[in-house]
A.B. asks: 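Structure below; questions to follow.
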Number of protein chains: 2
Amino acid sequence: MAQDKNLTIQDIAQKAGVSIKTVSRVFNNSPNVRQQKRDLVLGVAKELGYRPNISARQLASKRSFVLIHFYDNPNMDYLAGIYDGMREACSEQGYYAVAERLKLKNRSYKDALLDYLTRNPVDGVILSPPISDDKAVIREIEKRDIPCALISPGVKKRNCINVFIDEKMAGQKMAEFLIDRGHTKLAFISGLDSHSASAQREAGFWAAVEAHGLKRKDMMRIGGDFSMQSGFTAFNALAKSNKNITGVFAANDEMAIGTIIAALRAGKKVPEEMSVVGFDDSAFARAMWPPITSLAQPIEDMAKFSAQKIIDWIDTKDREQSHYEFATEIMVRGSCP
Amino acid sequence: MAQDKNLTIQDIAQKAGVSIKTVSRVFNNSPNVRQQKRDLVLGVAKELGYRPNISARQLASKRSFVLIHFYDNPNMDYLAGIYDGMREACSEQGYYAVAERLKLKNRSYKDALLDYLTRNPVDGVILSPPISDDKAVIREIEKRDIPCALISPGVKKRNCINVFIDEKMAGQKMAEFLIDRGHTKLAFISGLDSHSASAQREAGFWAAVEAHGLKRKDMMRIGGDFSMQSGFTAFNALAKSNKNITGVFAANDEMAIGTIIAALRAGKKVPEEMSVVGFDDSAFARAMWPPITSLAQPIEDMAKFSAQKIIDWIDTKDREQSHYEFATEIMVRGSCP
DNA sequence: CTGAAAGCGCTTACAG
DNA sequence: CTGAAAGCGCTTACAG
C-alpha cells in the first residue's frame, strides 16, 4: 500500500521476476497467463500499491478506458446511485466513470449521442431510461461495436447487457401492500405512456386487484406524466369521483407528492383518510411530510454490475448472458405506514 | 473541421512551418511565442480540426489536466449548472471537468479530500458551499499549491479565486420585492447558522425593513435549517403567533415549499392570504404548485468563470485578482406574483 | 504461454 | 523567442 509515486510496470515485473509483458497481460485480464503467475503479479502489485498509469495505457493502446453513462433523467439520487456503482467497478479495473446528459433540444438523442462520440472516444456505454429504450441510439452504439448495458429497458435487447427489476412484480407488491392494509378502493396514477415501466407497474397493479378478488369498478386509473403537477390533477380527479378511494399508488414519487399536497390543500388527511404510495424511493419522498412509502430498487448494485459486465465484455470481446434481474424492496413510511 | 483521426502536433507544425515545440507552446498558453506565430498556429490547428491528445500531454508532463469540483450539496440543478459551466471552459482548453461529492461519514471533509487526492491527481479545484468555507480543506489544497476557486464562500480567502453574489443585497432585493407588493408584516425563515449565506440574506432582510420604515415588532424571525421539514415547523410558528404575517421570505426554496405545504394543510391560501418567496430557483420551486418566486444566481457563468481563472492561474502560475461578484435575478412566479 | 523492440503524441530541460 | 533529443509508462504486433 506504499503508493510510491513513480511505480511502473517495470518495478512490478522485476520484483515478480517476470517480463513487463506478462504484467501488462495480467492487468488487461488477458487469458494467456498461467494462474500461478497471475496471482504472483497481482500479489506483488498489491503489496507495492501499484496501479497502472491510465494515460500511458490510453496513449499506447489508443483506447479511452472510459465507461460512460448516458442519461436524461434528472433525478439526483438515481444518477448518484448509478455513478457510485459504476465508479466502484471502474476504479478496480482502471477505468474512468463518466456521466453525460443527452439533451433533447431540437434534436434526437441519437444526434446528441453522435455529437458526443465524435468528440470523445468511449470504450463502453450504460444507458438508463428513457434512453435505454431509444432504438436509434442503441443501433449507433452497436454499429461501432461498443459494449453496451441497458438499465431497466422496456424491451430487452439482444446485443446488449440487460439489467432490470421486475417492474410488474414490483407494481403488484405495492398494490398488495395497500390491500394488506385493508384498502379495497384503489387508484393507480400512471406515468408517461412512452415510459414502458409505468405500463408494467400498472399491469402489476391490476394483477394484484384480480388476485385478491377486488372489484375493478371500485378501482380508478388516472393518467399522469410523472410530474408533480400531474399528481395535483390526479387528486382532483379522485376528489370529483364518488368512488371514495382510500389507497393511491402513484407510478413515481413526484406524482405521489403532488397527490398528497393537493389532498392537504383540500383538507384531506394523509394517511388517515387516504394512503399514498410512490415508486423510486427518491430524496424528496424521504423529505416530504408525511414521508412517502415507496419502492426502492438496488440501483447502485445494478450499475456496478453493468459496469463489470461491460469490462468483461471488453476484455473477452464476448458476452456470456445478457439478462440480469435484481430484487426490490418497499420502504415503509408515513404516507402509508 | 476535418477532424482526421490521427492529427498530431507534427502535422500542425509542418503545415504552419514551425517546430513542434512552438505548437506545444501555443497550446500551453506559454508567453514566449510571438503573437503572429501564435495566430498562425491556432489558425492552422482550427482549420485542420486539431486537438491535443490529452493522454500524451498527461504522460509527458505528469499533469492530470483535471479540474475538479468538490461539493456536498445534492441540489441537482446547482450541480448541473456548475458542471456545465466548468465543462465549457475546460473543453476549450483541453481539460477534464470532474465532479466529486465529499461525504461526511465518520470523517471530516478534509479527510475525504485527502483520500481522494492521494488516489487521483488534480490540477485545479473548485469548491462550493458548504465546502468553500471549510478552512481545513482549503489549507490542504493551498499546501499542495493547487489552484483553487471558491464559489460563494462566506469568508473570502486570500489565496483563492473568490466568485460570489452579494448575498446581503440579494436578501434585501427579495424583502423589498415583498414590501413593494404591499406586505408590511414579514417573516424571515433562516437556514443553518453554520451556513453564512443565510445570515447575510437575513441582514439584507433587516436592511430592507429598516429602509422602508417598517416596524421591527411586526416582523418575525424563525430559525430553520434549510430542510423542508423546518418549513413546516416555521409555518406552525407563524400560525401560532398573532402577528398576522402576510409575506414570508425563506432562505431557500425547500423551506419555502415546506411553508407552503403546511399552509395549504392548514387551509391557508397561497398567495391570496400569504405570499412566500424562496431562494435558489430550484427545480422543485418551478415544479411546485403554486410555483415559487425565487432568487436565481448565474451559477453556470460563475463556474465557467472560475474554471477559466483556474486555468489562467495554472498557465501563468499567478492570479491577478481574486474577487469576482456576479449579478442575481428574481424569478417571479405564483407564490408571490 | 512468454519475451525484446518499436512506438503512441506530447513535454521537459538544455542549448542557442 | 526557437529548435533537436530524450523520455513519460504503457501496448502492439512479431517471434518463439
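All chains are named by letter (A, B, ...) in the order of the sequence lines, taking the proteins before the strands, and each is independently numbered beginning at 1.
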A.B. asks: Looking for any heavy atom pair under 4.0 Å, which part of the strands does A:Lys21 touch: base, sugar-phosphate only, or nothing?
C.D. replies: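 The residue A:Lys21 makes base contact.
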A.B. asks: Report yes or no: do B:Asp39 and B:Gln35 form a side-chain donor-acceptor pair below 3.5 Å?
C.D. replies: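 Short answer, yes.
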A.B. asks: For the residue pair B:Glu325 / B:Asn162, report whether a side-chain donor-acceptor contact shorter than 3.5 Å exists.
C.D. replies: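 Short answer, no.
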A.B. asks: Need two values: the first and the last nucleotide of DNA chain C, 5' to 3', having an atom under 4.0 Å from any heavy-atom of chain A.
C.D. replies: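 Using the under 4.0 Å cut-off, the span is C:dC1 to C:dG9.
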A.B. asks: Are any of the side-chain nitrogens in B:Arg119 or B:Asp115 under 4.0 Å away from the carboxylate oxygens of its partner?
C.D. replies: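 Here B:Arg119 pairs with B:Asp115 in a salt bridge, since their nearest N and O are under 4.0 Å apart.
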A.B. asks: For B:Tyr95 and B:Arg63, test the side chains for any donor-to-acceptor distance below 3.5 angstrom and give the result as yes or no.
C.D. replies: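 Yes.
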A.B. asks: Which is more 5' along DNA chain D, the nucleotide nearest B:Gln35 or the one nearest B:Leu59? Just name the residue.
C.D. replies: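 By nearest-heavy-atom nucleotide position, the 5'-most residue is B:Gln35.
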A.B. asks: Within the 4.0 Å heavy-atom criterion, would you say A:Arg63 contacts the bases, only the backbone, or no part of the nucleic acid?
C.D. replies: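 The answer is nothing, as A:Arg63 stays clear of every strand by at least 4.0 Å.
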A.B. asks: Checking side-chain contact (heavy atoms from CB on, under 4.5 Å) against A:Val18, which of A:Val41, A:Val26, A:Ile12 comes through?
C.D. replies: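 Output: one option passes, namely A:Val41.
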A.B. asks: Examine the side chains of B:Asp72 and B:Tyr109 and answer whether a donor and an acceptor come within less than 3.5 Å of each other.
C.D. replies: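 Yes.
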A.B. asks: Is B:Arg87 paired with A:Glu100 through a side-chain N to carboxylate O contact shorter than 4.0 Å?
C.D. replies: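 Salt bridge: yes.
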A.B. asks: Identify the stems formed by DNA chain D, where each pair is Watson-Crick or G-U wobble with both distances under 3.5 angstrom and a stem is at least 3 consecutive pairs.
C.D. replies: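 When the pairs of DNA chain D are grouped into runs of at least three, the stems are C:1-3 with D:14-16, C:5-12 with D:5-12, C:14-16 with D:1-3.
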A.B. asks: Nearest nucleotide by nearest heavy atom, which residue falls closer to the 5' end of DNA chain C, B:Ile20 or A:Val18?
C.D. replies: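 Result: A:Val18.
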A.B. asks: One thing to verify: whether A:Lys304 and A:Asp301 come together as a salt bridge, which I'm taking to mean a side-chain N less than 4.0 angstrom from a carboxylate O.
C.D. replies: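 Salt bridge: no.
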A.B. asks: Nearest-nucleotide wise, let me know which of B:Val33 and B:Ser61 is further upstream toward the 5' end of DNA chain D.
C.D. replies: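 Result: B:Val33.
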